[in-house]
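Report on the following structure.
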Amino acid sequence: MSSNMSVVGLQWGDEGKGKIIDLCTEEFDVVVRYQGGSNAGHTVVVGGKKFVLHLVPSGILHERKLCVVGNGVAFDPPLFLQEVEDLRRQGVAIEGNLKVSDRAHVVFPYHKILDQLNENNNSNNKIGTTGRGIGPCYTDKMARCGFRVAELLDTRHFREKLKWVLEKKNQQISMLCGKDRLSYDEIAAGYAEYAEAVRPFVTDTVTLLAQEMKRGARILFEGAQGSLLDVDFGTYPFISSSSASACGVPAGAGVPPRDVGKVLGIMKAYITRVGEGPFPTELTGEMGQQLRENGGEFGATTGRPRRCGWFDAVAVRHAATINGADAAALTKLDVLSGQKEVKICTAYQCNNKTLTHFPANTVMLSDVEPIYEVFPGWDEEIRNARKFSDLPSEAGAYVRALEDAVELDVEIISVGSERDEIIRV
Ligand code: IMP
């Protein structure tokens, strides 16, 4: 097997991938984002200092690691430039260590407007998007009217193509809201400036990664969102618009499928989701509120409160299968301290039938009843645990039950937000 590794979320995002990626980065030379865009918010806490990364790979917090924004990313130039500036201000060295694919697709202001208009005009099918224009950007990519970064850098071509694309977008916008024509001159001038500012970062990352692998470099592929938000395998249509599972790595990073490497699935000790869509194990009462507060479950990108629920092993098993996950990292186990009992959903009840597989029909998922296994909780604070044997026996038993339920070994347990608050199993 390739010595690379892909780190992916096994839930609806916000599994704590940022921390695990940061932890694993030491063993790798290159960190690559391969899908999603500024809708992602990867939080890493180092020495009490909190970093939230949206477009820049989490590996940037380590010196001498090459970080790559791959071709599968929806690339938002002003947000990228702002993020780079913020990181530099916080003392992070960004020189030749950050590269952007010339094949990544560019997010424009009309994508964000269309994202919001689609949501507002779609009361029956509201997705609860982050409003970052991600869906409309990928729509244009598929509809063949998007812009690759390489086109943005080709000034004359960009100005020509923007004319007809913007005409089309203005038509769509006025159909949806009857006003607000976007100005060609403003966008052309603004994006010409961004083009010059991003130019030093842009390169052919397909060739770069091939060369890196040839010289023996190890690559870590950083998934964003989670597999249940994957465009093909998630809870469609309540999904993001990219391939958020490991299946997205080859196409989104521009590497051959054989180079995906080990797949490490990240799962939180409970489950959360932001935005709309069915959520069988959701806790809407006091318990949900408690998990939200104890776990700081508020969106890193939008600040929205996350919906919280018990661990759903049916959903995670589905995610693990799609990804071909080799092992799991379990995060936020500390958040469950103080619970009298903890629950794992092992199957769903639906029309007098027991379902052990995650249904493709998302409507059906709204009607299922979770079937739980209940385990005794623990009172102890576990942030200082550094070995599995330091955990209260009930916490240890819960981890073992999760492993059985999802048929994966847990290799890493995160017991706090700091880098060192970790157990290697
Ligand atoms: P979009 O990606 O902004 O189009 O949003 C589509 C769905 O994915 C919404 O339910 C969002 O809340 C969700 N989503 C997008 N990015 C993230 C993320 O990084 N973490 C968790 N949920 C996300």
Side-chain angles (χ1 to χ4, degrees), residues 8-9 11-14 33-42 54-55 69-80 101 103-149 152 165-166 168-177 180 182 187 191 223-245 247-248 251-252 273-279 299-304 306-307 360 362-363:
V8 294
Q11 296 165 329
W12 280 293
D14 307 317
R33 273 284 304 275
Y34 61 91
Q35 46 69 233
S38 65
N39 49 352
H42 291 172
H54 299 285
L55 272 163
V69 178
N71 58 277
V73 170
F75 180 71
D76 189 323
L79 290 186
F80 171 79
S101 168
R103 289 183 172 83
H105 271 252
V106 180
V107 176
F108 285 90
Y110 49 78
H111 290 135
K112 294 179 192 176
I113 293 173
L114 286 167
D115 196 354
Q116 264 139 30
L117 288 173
N118 286 337
E119 286 281 273
N120 297 344
N121 291 5
N122 211 354
S123 54
N124 291 330
N125 207 20
K126 202 172 158 66
I127 310 294
T129 72
T130 58
R132 298 294 175 101
I134 304 300
C137 175
Y138 283 123
T139 302
D140 282 0
K141 175 178 176 176
M142 293 303 170
R144 294 163 289 191
C145 60
F147 287 86
R148 284 179 170 177
V149 168
L152 179 68
V165 173
L166 190 62
K168 199 162 141 165
K169 296 295 147 187
N170 271 331
Q171 277 167 15
Q172 284 173 12
I173 292 171
S174 59
M175 244 166 58
L176 288 168
C177 71
D180 279 331
L182 292 178
I187 297 184
Y191 275 69
Q225 290 79 51
S227 304
L228 303 178
L229 291 171
D230 183 280
V231 67
D232 286 285
F233 303 110
T235 46
Y236 189 88
F238 303 101
I239 43 117
S240 195
S241 302
S242 66
S243 298
S245 66
C247 307
R273 105 170 274 174
V274 205
E276 308 300 320
F279 184 168
T301 298
T302 59
R304 290 181 293 176
R306 296 179 186 143
R307 300 156 66 192
T362 300
V363 176

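Keep in mind that what you see is a predicted model, and the values were worked out from it rather than measured.
Residues Val73 and Gly37 come closest through the heavy atom pair CG1-CA, 4.3 Å. When all heavy atoms of Ser241 and Gly135 are compared, the closest pair comes out as OG-CA, 3.3 Å. In this structure, Cys177 and Leu117 approach most closely via the heavy-atom pair CB-CD2, 3.7 Å. Ala244 and Gly226 make their closest contact through CB-O, 3.4 Å (heavy atoms, listed as atom of the first residue, atom of the second, distance).
The distance between the ring centers of Tyr191 and Phe147 does not fall below 6.0 angstrom.
Of the candidates Asp140, Ile134, Asp76, Val106, His111 forms a side chain to side chain contact (heavy atoms under 4.5 Å, CB included) with just one, namely Asp140.
Using a 4.5 Å heavy-atom threshold, the side chains of Phe108 and Val165 count as separate. You'll find the side chain of Leu55 reaches within 4.5 Å of the side chain of Ser38, heavy atoms only. Two residues are said to be in side-chain contact when any heavy atoms from C-beta on lie closer than 4.5 Å; Ile239 and Asp232 fail this criterion. In this structure, Leu182 and Lys169 have side chains that are not in contact, with every pair of non-hydrogen atoms separated by 4.5 Å or more.
A side-chain donor-acceptor contact under 3.5 Å links Arg33 to the backbone of Gln35. A donor-acceptor pair is defined here as one N or O able to donate and one able to accept, closer than 3.5 Å; no such pair exists between the side chain of Ser227 and the backbone of Gln11. Of the possible polar contacts, none joining the Thr235 side chain to the Thr362 backbone as a donor-acceptor pair under 3.5 Å is found. Looking at Ser240, its side chain never comes within 3.5 Å of a backbone N or O of Ser242 through a donor-acceptor pair. Counting only distance, with no hydrogens or angles, the side chain of Arg307 and the backbone of Gly275 share a donor-acceptor pair below 3.5 Å. At distances below 3.5 Å, at least one donor-acceptor pair connects side-chain atoms of Glu119 with backbone N or O atoms of Thr129. No side-chain donor-acceptor contact under 3.5 Å links Asp14 to the backbone of Arg273.
Residues forming a ring pair (Phe, Tyr, Trp, His ring centres under 6.0 Å) with Tyr138 (at least two apart in sequence, or on another chain): none. With sequence neighbours left out, the salt bridge (Lys or Arg N to Asp or Glu O under 4.0 Å) criterion links Asp115 to no other residue. Scored by the ring pair (Phe, Tyr, Trp, His ring centres under 6.0 Å) test, Phe238 finds no partners at all (sequence neighbours excluded).
Inspection of the Arg132 and Thr130 side chains reveals no N or O donor paired with an N or O acceptor under 3.5 Å.
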